**Q** 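Take this structure first; my questions come after.
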Amino acid sequence: MSRLRRNDSVTRVVEFAATLGYVHQWTGGGHLKFSKPGRRPVFFGGSPSDRRAHKNAISNLKKSDRGVL
C-alpha cells in the first residue's frame, strides 16, 4: 500500500476509473496514476483533508476519457 490511505473515497475513484477502462498504479511519490491507451494519464494525490480532491479526480477522469485533457 502507498502513502495515500485507502478509504472509501479513494476506492470510489479507483472503481470509477475501472468502469471507464483505466488501470491504476502507484507512483514512487505515493500518488495514483490512471492510464488508458490513447488517453492522457490522470494523477491523483488527494488527502482526506482535501474535500474536493476525489470529486476533482473523477472530473479529470471524465475529461481525459472524452479527450479534453
Side-chain angles (χ1 to χ4, degrees):
M1 190 64 45
S2 177
R3 292 181 192 107
L4 249 181
R5 251 180 74 195
R6 191 151 175 108
N7 59 29
D8 289 339
S9 297
V10 173
T11 302
R12 275 186 258 134
V13 172
V14 169
E15 289 173 352
F16 178 77
T19 63
L20 295 178
Y22 285 84
V23 295
H24 72 281
Q25 66 187 48
W26 294 100
T27 67
H31 294 83
L32 276 171
K33 176 183 176 184
F34 297 98
S35 307
K36 181 177 178 179
R39 299 290 182 223
R40 287 186 153 176
V42 176
F43 294 89
F44 174 66
S47 66
S49 63
D50 186 356
R51 300 179 333 163
R52 298 262 336 140
H54 304 95
K55 291 181 180 183
N56 290 341
I58 288 174
S59 174
N60 287 338
L61 285 164
K62 289 178 182 178
K63 289 177 186 175
S64 178
D65 200 48
R66 290 192 314 257
V68 176
L69 277 181

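Bear in mind that the values here come from a model prediction, so they are computed numbers and not experimental data.
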**Q** Can you spot which of Val14, Val10, Val42 makes a side chain to side chain contact (heavy atoms under 4.5 Å, CB included) with His24?
**A** Val14
**Q** After noting the C-alpha distance and the side-chain angles of Leu32 and Phe43, does the key distance pass the side chain to side chain contact (heavy atoms under 4.5 Å, CB included) rule?
**A** CA-CA 6 Å; Leu32 276 171; Phe43 294 89; over 6 Å; no
**Q** If hydrophobic clusters are built from ILVMFWY residues whose side chains come within less than 4.5 Å, do Val23 and Val13 share one?
**A** no
**Q** List the residues meeting side-chain hydrogen bond (donor to acceptor under 3.5 Å, both in side chains) with Lys33, not counting sequence neighbours, and say none if there are none.
**A** none
**Q** Can you see which heavy atom on Gly67 is nearest to which on Arg39, and at what distance?
**A** CA-NH1, 3.8 Å
**Q** List the atom of Leu61, the atom of Phe34, and the distance in Å for their closest heavy-atom pair.
**A** CD2-CB, 3.8 Å
**Q** Work out which heavy atom in Ala57 is nearest to a heavy atom in Phe44; give both atom names and the distance.
**A** CB-CD1, 3.4 Å
**Q** Mind running side chain to side chain contact (heavy atoms under 4.5 Å, CB included) on Arg52 and Asp50 for me, showing each step along the way?
**A** CA-CA 6 Å; Arg52 298 262 336 140; Asp50 186 356; 4.2 Å; yes
**Q** Considering residues at least two apart in sequence or located in another chain, which fulfil the salt bridge (Lys or Arg N to Asp or Glu O under 4.0 Å) criterion with Lys36?
**A** Asp65
**Q** Tell me the closest heavy-atom pair linking His31 and Gly45, and the distance in Å.
**A** CD2-CA, 3.0 Å
**Q** Write out all pairs satisfying salt bridge (Lys or Arg N to Asp or Glu O under 4.0 Å) with one or both partners inside residues 12-21, taking only residues at least two apart or from two chains.
**A** none
